[in-house]
Engineer: 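Have a look at the structure that comes next, please.
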Amino acid sequence: MQISTRLIRSLSLPSPVSTPLQEIVSSQKGVAKVVLKKGKTQLFRYGSPMVYSGAVDRIIGRPPPKTGDIVLVADGTEKPIGWGLFNSVSMFCVRLMQLEEEAARDPSCALNMEKLLETRIAAATELRKNIGLPSADTNAYRLVNSEGDRLSGLIIDIFGDIAVIASSAAWVEKYKSEIESCINRTNEINHIKWRPSIDILKEEGLDVSDLQESHPQPSLERVKVMENGISYAISLEGQKTGFYADQRENRKFISTVSKGCKVLDVCCYSGGFALNAALGGAINVMGIDTSLPALELAKENIGLNNLDPRSISFLKIAASEFMKSAAARHESWDLVILDPPKLAPRREVLQNASGMYRNLNSLAMQITKRGGLLMTCSCSGAMTQSGKFLGILQMYHWFLEAIYAP
């Protein structure tokens, strides 16, 4: 009898416990709930912030949420796992901003986008300060790195006293003034420039003709910055934010392995890797790109760093054309850097982009000396997420090994 009583007690279901998000929502009206399909919850619990439409079972709420609205995201039992910002058009129907566990620890940010932005941008600023940014030899760096700083769709690059904001999500444009307000609290920033990702924002359902800078700065087209002691002239009208700040540590690494090497920088843009190689002691450096404005910046950067133009040069030519010609004449380099532009901006073009990555990397391997180094990059999120990039490299590495085998 005692055993039966214990079993009954142990099997009794606990009474429902209200979660922090449920409690907050109960005091508000009009917050819709996006319910996930069975088996889809863990992906987002583990940190993936972009809830794709295929993972959604149903949306509870009348009227239905509009793009930019705050919504709850719930599992199949309708228990909230977090909250985020809704998009009725994008393939990513919700960008998660805070998980349930985080809301329990810090309820001040729960369903409060202004407070969340203030907290996350302050945390990003503090993190950079803790790793020495900015510093006496680096005033160009990435302050907010989208998903890396838990603000999916927002990138903020700092160039001296200028903050360049790249937006690739509808919510970023909606909260433009709040983001600017957070940045203006940073003592070192005197100017803000917006660089909306037009093609991506179209897919987000925005009318891009409405996008304009709230505080236009026509005089900020070109600025000079420093990274790891190297000076750069950058164009704020150039690609992305004007400078690939996310490659800072990779550029520095190249300077440590270039001494005595013959170096080729493919898709060099304004010459970041090439400059680091030259200043790292490379005996000869060549950079190639198809963008004339970028190459003009690269050549200007030679002078800014007092480099000998006989040991570093830049050439306007297509990457595949140059590498095919070099392979045909059996020319090779000790160190090759391949950093092409985004070849797969969307999943729909992934197959075609895979072919381009295969072609470029196979050529790059052919012109890298045996025993040399090839640094290859992909800035295509669709390619990285597909898991195909490493397979492409392995396929051609094995192919070349078979050719070169004695």
Side-chain angles (χ1 to χ4, degrees), residues 134 138-146 153-169 172-173 176-177 179-180 183-184 186 188-204 206-227 230-248 251 265-275 287-305 314-319 339-343 345 377 379-380:
T138 299
N139 66 354
Y141 61 98
R142 182 151 293 177
L143 176 64
V144 173
N145 189 30
S146 194
L154 174 64
I155 284 176
I156 304 175
D157 283 347
I158 304 299
F159 303 126
D161 66 345
I162 304 167
V164 180
I165 304 172
S167 65
S168 59
V172 177
E173 294 295 327
K176 195 171 187 175
S177 60
I179 293 168
E180 289 187 354
I183 295 172
N184 283 328
T186 306
E188 298 86 359
I189 304 303
N190 295 318
H191 309 283
I192 296 175
K193 184 174 181 64
W194 282 82
R195 292 292 306 272
S197 301
I198 298 298
D199 290 342
I200 297 176
L201 291 176
K202 284 180 182 177
E203 295 179 2
E204 288 274 301
L206 290 190
D207 181 356
V208 295
S209 63
D210 293 338
L211 301 181
Q212 57 182 0
E213 287 193 59
S214 52
H215 305 291
Q217 300 281 359
S219 62
L220 297 178
E221 183 176 340
R222 183 175 290 203
V223 297
K224 292 179 181 177
V225 298
M226 183 175 288
E227 180 191 79
I230 299 176
S231 297
Y232 297 88
I234 65 172
S235 170
L236 300 186
E237 302 300 326
Q239 296 178 23
K240 296 193 175 179
T241 62
F243 188 67
Y244 295 96
D246 54 335
Q247 290 278 32
R248 183 186 68 252
R251 284 189 284 265
D265 185 1
V266 182
C267 304
C268 65
Y269 191 53
S270 58
F273 287 112
L275 293 167
I288 63 169
D289 204 283
T290 57
S291 170
L292 188 57
L295 292 173
E296 288 173 350
L297 287 171
K299 291 171 183 176
E300 184 178 343
N301 290 335
I302 293 175
L304 285 177
N305 292 283
F314 295 98
L315 177 65
K316 183 179 183 299
I317 189 171
D339 187 14
K342 185 181 287 188
L343 301 178
C377 311
C379 63
S380 297

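These values consider heavy atoms only, across backbone and side chains, with no hydrogens, waters or symmetry-generated copies.
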Engineer: Between Arg251 and Phe243, is NZ or CZ placed under 6.0 angstrom from the six-membered ring centre and within 45° of the ring axis?
Structural biologist: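 The answer is yes, since Arg251 meets both limits relative to Phe243.
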
Engineer: Sub-3.5 Å donor-acceptor pair from the side chain of Asp339 to the main-chain atoms of Cys268, do we have one?
Structural biologist: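 The answer is no, because no donor-acceptor pair under 3.5 Å joins these two groups.
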
Engineer: Does the salt bridge (Lys or Arg N to Asp or Glu O under 4.0 Å) test come out yes or no for Lys193 and Glu221, once each step is laid out?
Structural biologist: CA-CA 10 Å; Lys193 184 174 181 64; Glu221 183 176 340; over 6 Å; no

Engineer: Which atom pair, heavy atoms only, marks the closest approach of Ser235 to Leu297?
Structural biologist: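 Taking every non-hydrogen atom into account, N-CD1, 3.8 Å.
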
Engineer: Mind checking what makes ring pair (Phe, Tyr, Trp, His ring centres under 6.0 Å) contact with Tyr269, not counting sequence neighbours?
Structural biologist: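 If we apply the ring pair (Phe, Tyr, Trp, His ring centres under 6.0 Å) test to Tyr269, skipping adjacent residues, the hits are Tyr244.
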
Engineer: Hey, are the side chains of Ser167 and Leu201 touching, using non-hydrogen atoms and a 4.5 Å cut-off?
Structural biologist: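 Side-chain contact under 4.5 Å: yes.
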
Engineer: Identify the two heavy atoms, one from Cys377 and one from Pro340, that lie closest to each other, and give their separation to 0.1 Å.
Structural biologist: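 Minimum heavy-atom contact is O-CD, 3.5 Å.
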
Engineer: Sequence neighbours left out, what passes side chain to side chain donor-acceptor pair (under 3.5 Å) with Ser270? Give chain and number order.
Structural biologist: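 Expected list: none.
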
Engineer: Find the distance between CD1 (Ile165) and CD1 (Ile155) and round it off to the nearest 0.5 Å.
Structural biologist: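 Here the interatomic distance stands at 11.5 Å.
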
Engineer: Got Glu296 and Lys316 here, is their nearest side-chain heavy-atom distance under 4.5 Å?
Structural biologist: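 No - every pair of side-chain heavy atoms lies 4.5 Å or more apart.
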
Engineer: Measuring only between side-chain heavy atoms, which start at C-beta, is Glu188 closer than 4.5 Å to Asp161?
Structural biologist: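 They are not in side-chain contact.
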
Engineer: Out of curiosity, Glu180 CD to Ile189 CD1, how far, rounded to the nearest 0.5 Å?
Structural biologist: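 Between Glu180 CD and Ile189 CD1, I get 12.5 Å after rounding to 0.5 Å.
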
Engineer: Do Gln247 and Glu227 touch side chain to side chain, with heavy atoms closer than 4.5 Å?
Structural biologist: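 SC-SC contact between Gln247 and Glu227 ruled out.
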
Engineer: Please find the pair of heavy atoms, one from Arg222 and one from Glu300, that lie closest to each other, and give the distance.
Structural biologist: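 So the two residues come closest at NH1-OE1, 2.6 Å.
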
Engineer: If I take atom CD1 from residue Ile234 and atom NZ from residue Lys224, how far apart are they, to the nearest 0.5 angstrom?
Structural biologist: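 Answer for the CD1-NZ pair, Ile234 versus Lys224, is 12.0 Å.
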
Engineer: Is any side-chain heavy atom of Leu275 less than 4.5 Å from a side-chain heavy atom of Leu304?
Structural biologist: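 They are not in contact (no side-chain heavy atoms under 4.5 Å apart), so the answer is no.
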
Engineer: Keeping the roles fixed (side chain from Arg195, backbone from Ala166), state whether a donor-acceptor pair exists under 3.5 Å.
Structural biologist: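 No: the side chain of Arg195 does not pair with the backbone of Ala166.
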
Engineer: To the nearest 0.5 Å, how far apart are CG in Asp265 and CG in Leu315?
Structural biologist: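 Here the interatomic distance stands at 12.5 Å.
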
Engineer: I want to check something: taking the side chain as every heavy atom from C-beta on, are Asn184 and Ile192 in contact at a cut-off of under 4.5 Å?
Structural biologist: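 SC-SC contact between Asn184 and Ile192 confirmed.
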
Engineer: Any side-chain heavy atom of Asn139 within less than 4.5 Å of one from Ile158?
Structural biologist: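 A side-chain contact is absent here, since even the closest heavy-atom pair is not under 4.5 Å.
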
Engineer: Taking the side chain as C-beta and beyond, is there a heavy-atom pair between Phe314 and Asp289 under 4.5 Å?
Structural biologist: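 Not in contact.
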
Engineer: What distance do Asp157 atom CG and Ile162 atom CD1 have between them, rounded to the nearest 0.5 Å?
Structural biologist: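 CD1 of Ile162 is found 12.0 Å from CG of Asp157.
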
Engineer: Mind listing the closest non-hydrogen atom pair of Val266 and Ala319 along with its distance?
Structural biologist: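 That closest heavy-atom pairing would be CG1-CB, 3.5 Å.
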
Engineer: Identify the heavy atoms of Ala318 and Thr290 that sit nearest to each other, and give their distance.
Structural biologist: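 The answer is CA-CG2, 3.5 Å.
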
Engineer: Will you find, in the side chains of Glu173 and Trp194, an N or O donor that is under 3.5 Å from an N or O acceptor?
Structural biologist: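 Per modelled atom types, Glu173 and Trp194 side chains form no pair under 3.5 Å.
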
Engineer: If every non-hydrogen atom of Thr138 is compared with every non-hydrogen atom of Arg248, which pair is closest and at what distance?
Structural biologist: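 Here Thr138 and Arg248 meet closest at CG2-CD, 4.2 Å.
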
Engineer: Does the Ser197 side chain pair with the main chain of Ile200, one donor and one acceptor, at a distance under 3.5 Å?
Structural biologist: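 No, because the side chain of Ser197 does not come within donor-acceptor range (under 3.5 Å) of the backbone of Ile200.
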
